[in-house]
2 protein chains.
Amino acid sequence: MTRMTAAQSPYSPADRPRLGLRERKKIKTREAIRTATYALIKEQGYDATTIEQIAERAEVSPSTVFRYFPTKEDIVLTDEYDPLILAELRARPADEPWMDALRHVMRTALDLSEREDPEVLRLRAHLGVQVPAVRSRYFESMTQTGRLLREALAERTGRDPESLEVRVSAMALIGGMMEVSMYWAENDFEGGLRDLMERALDVMEHGLGPEKP
Amino acid sequence: MTRMTAAQSPYSPADRPRLGLRERKKIKTREAIRTATYALIKEQGYDATTIEQIAERAEVSPSTVFRYFPTKEDIVLTDEYDPLILAELRARPADEPWMDALRHVMRTALDLSEREDPEVLRLRAHLGVQVPAVRSRYFESMTQTGRLLREALAERTGRDPESLEVRVSAMALIGGMMEVSMYWAENDFEGGLRDLMERALDVMEHGLGPEKP
DNA sequence: CATGAAATGAAAGTAACTCTCAAAATCATG
DNA sequence: CATGATTTTGAGAGTTACTTTCATTTCATG
């Protein structure tokens, strides 16, 4: 499952420790909390897993858990691909139609996260389907992404990012992409997420006509 | 603000009471809880309003409040236009393009709810913007609506309502429509919700091209 | 190693919900 | 209208996520 915090070469003074001991400890704690949470959820399910248990397994106090993550759902969901997505999107040629740019970016992002940690992507989608609170938080974070998407769409269409049209487009895309994730989880993760996403972007670009395969 | 529970002709034995005393009381209680909630929220804001206060003002016990509404957010948001929307959608001619059908239905629904109780529509949109928990619940209920929308889209395009394409389209529409509501609230409810919705449906139908006004 | 700053833990508190059970209100009868 | 069955309510105790406060520990730095 989720990689352990690989304590690679714990004592090689000059090479790794660009960060102070404090910073490194914080990162470790964060990881510990997250892996403890994932493990407990797999064992017992989301609801049955309390913050106290998480704290105990991660060997920190409950206070500390809350200091690192504002809510229980955040432990599962937090991690920011957003900046990456935005950067990637800006990197695409400016004259490329925005839908194509988006396609490329999503492909890249999904490939990356799949290679990085395939389990987590699945667990999240699964919890998104099963647990309303997680789904909510998921949606919130997608909404955040939607705000970034506005900027990108605005740049590429010469519109105001705060215009109704841009906002609606961005949010419609977000809604569609979220549904892809739900669909994927509900259908036992069959048919690579990347391909599903592709199909979703197609239908959002060209609209839903009568069936034609 | 919200209409009082108009006790019209409180004692006309034969004409109104098709329902037993029990049923009528339940309806009254429900209304009482809701109006108490709206009033308190207006006075103090959402977070500062506790279930205990609501119970007190509605003259019921906190237990009863929870018996009527599973969560605090539901007190604000519950009420089902969904069946109406679906019926309306089915009532449209079967050969009408589904986007047109949807346009008509949304117009009808918005006009109705605006005439029915304009305050509530605004309060909800406003809380949807301000309070994350409400926004979440709002989104959940839109998701529900999205499921119905699947059926309608499937019927009109001869596709499987559970297909990725249909699901994504439905959810994209939901996302877009939700954004309209947020936009409306954030821009001080200017530019009738109906017209904004119209513009949103347009852009979702034809896509977001370069600006052209 | 001393001093200041940051991170942690302990503890008490709040508020949304859940569960259980007994009392009260309604309903269906004879 | 009395009575027993059924439904609805309220009281109370319990759980848990989250907050706030404050003393203690841990690290950074001169």
Side-chain angles (χ1 to χ4, degrees), chain A residues 10-11 13 16-34 36-37 40-41 44-78 127 131-138 140, chain B residues 11 13 16-34 36-37 40-41 44-78 127 131-137 140:
Chain A
Y11 264 66
R16 187 52 61 119
R18 272 282 159 296
L19 285 61
L21 177 57
R22 224 160 224 177
E23 301 301 314
R24 273 176 289 153
K25 255 197 172 169
K26 280 213 283 199
I27 292 175
K28 255 191 179 173
T29 304
R30 221 183 151 73
E31 283 284 322
I33 293 172
R34 225 202 293 269
T37 304
L40 284 165
I41 288 179
Q44 319 172 329
Y46 184 85
D47 287 332
T49 300
T50 74
I51 297 284
E52 221 169 316
Q53 294 173 338
I54 292 170
E56 192 182 349
R57 180 157 318 187
E59 306 192 66
V60 294
S61 75
S63 328
T64 300
V65 175
F66 284 116
R67 221 171 257 124
Y68 278 79
F69 300 95
T71 73
K72 193 172 148 188
E73 300 89 60
D74 279 284
I75 307 179
V76 175
L77 292 177
T78 295
L127 289 177
V131 185
V134 173
R135 183 168 49 249
S136 289
R137 186 62 192 69
Y138 197 15
E140 281 290 304
Chain B
Y11 264 65
R16 187 52 61 123
R18 270 282 159 295
L19 284 61
L21 176 57
R22 226 164 226 174
E23 300 301 315
R24 270 174 292 153
K25 256 196 171 169
K26 280 214 282 200
I27 292 174
K28 257 191 178 170
T29 305
R30 222 184 151 72
E31 283 285 320
I33 293 172
R34 225 201 295 266
T37 304
L40 284 166
I41 288 178
Q44 320 174 330
Y46 183 85
D47 287 332
T49 300
T50 74
I51 297 284
E52 221 169 316
Q53 293 172 337
I54 293 171
E56 191 180 350
R57 181 157 318 188
E59 304 193 64
V60 294
S61 75
S63 327
T64 299
V65 174
F66 284 117
R67 219 171 257 124
Y68 278 80
F69 299 94
T71 74
K72 194 172 149 189
E73 299 90 59
D74 279 285
I75 308 179
V76 175
L77 291 177
T78 296
L127 290 177
V131 185
V134 173
R135 182 168 49 249
S136 288
R137 187 61 190 74
E140 281 289 304

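Just so it is clear: chains get the letters A, B, ... in the order the sequence lines come, proteins before strands, and each one is counted from 1. Just so it is clear, the values below take in all heavy atoms, side chains as well, and ignore hydrogens, waters and symmetry mates.
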**Request:** Please check if atom CD in B/Glu140 has more than 12 non-hydrogen atoms from other residues, nucleotides or ligands closer than 6.0 Å.
**Result:** yes
**Prompt:** Hey, does the side-chain of B/Arg22 have a donor or acceptor N/O within less than 3.5 Å of a partner on the base of D/dT6?
**Reply:** yes
**Message:** I want to verify a distance call: between D/dA28, C/dC17, C/dG9, whose nearest atom is closest to the A/Leu21 side chain?
**Reply:** D/dA28
**Complete:** A/Lys72 NZ to D/dA17 C1', in whole Å, measures 8 Å
**Item:** Phosphate contact (D/dT26 OP1 or OP2) by A/Lys25 side-chain N/O below 4.0 Å
**Value:** no
**Message:** Can you tell me if A/Glu23 has over 12 outside heavy atoms packed within less than 6.0 Å of its CD?
**Reply:** yes
**Prompt:** Do you know which of B/Gln44, B/Arg57, B/Lys72 makes side chain to side chain donor-acceptor pair (under 3.5 Å) with B/Thr49?
**Reply:** B/Gln44
**Request:** First locate atom CD1 of B/Ile54, then atom CD1 of B/Ile75, and finally report the distance between them rounded to the nearest 0.5 Å.
**Result:** 4.0 Å
**From CA spacing to verdict: side-chain contact (heavy atoms from CB on, under 4.5 Å), B/Tyr46, B/Val76** = CA-CA 10 Å; B/Tyr46 183 85; B/Val76 175; 4.1 Å; yes
**Complete:** Heavy-atom closest pair (A/Asp74 atom, A/Phe69 atom, distance to 0.1 Å) is O-CD2, 3.8 Å
**Atom pair distance, as rounded to whole Å: CZ in B/Phe69 and P in C/dA16** = 15 Å
**Request:** Grab the CD1-P distance between A/Ile33 and C/dA7 for me, whole Å please.
**Result:** 14 Å
**Request:** Specify the separation, in whole Å, of atom CZ of B/Arg24 and atom C1' of D/dT7.
**Result:** 16 Å
**Request:** State the OG1-CD distance between B/Thr29 and B/Glu59, to the nearest 0.5 angstrom.
**Result:** 10.5 Å
**Request:** Test side-chain contact (heavy atoms from CB on, under 4.5 Å) on B/Leu127 and B/Glu73 and set out the steps.
**Result:** CA-CA 10 Å; B/Leu127 290 177; B/Glu73 299 90 59; over 6 Å; no
**Request:** Establish, with yes or no, whether the OP1 or OP2 oxygen of D/dT8 is under 4.0 angstrom from a side-chain nitrogen or oxygen of B/Tyr68.
**Result:** no
**Request:** Determine, stepwise, if the pair B/Thr37 / B/Val65 fulfils side-chain contact (heavy atoms from CB on, under 4.5 Å).
**Result:** CA-CA 11 Å; B/Thr37 304; B/Val65 174; over 6 Å; no
**Prompt:** What is the bend of the helix from C/dC1-D/dG30 to C/dG30-D/dC1 when you compare the axis at one end with the axis at the other, using five pairs each and rounding to 10°?
**Reply:** 10°
**Prompt:** Can you tell me how far P of D/dT6 sits from CD of B/Glu23, to the nearest Å?
**Reply:** 17 Å
**Prompt:** In whole angstroms, how far is the C1' atom of C/dT26 from the NZ atom of B/Lys26?
**Reply:** 12 Å
**Prompt:** Starting at NZ of B/Lys28 and ending at P of D/dT9, how long is that distance when rounded to a whole Å?
**Reply:** 13 Å
**Item:** DNA chain D: 5'-proximal contact among B/Arg67 and A/Phe66 (nearest heavy atom)
**Value:** B/Arg67
**Asked** For DNA chain D, what residues of residues 44-65 of chain A have any heavy atom nearer than 4.0 Å?
**Response** A/Thr49, A/Thr50, A/Ile51
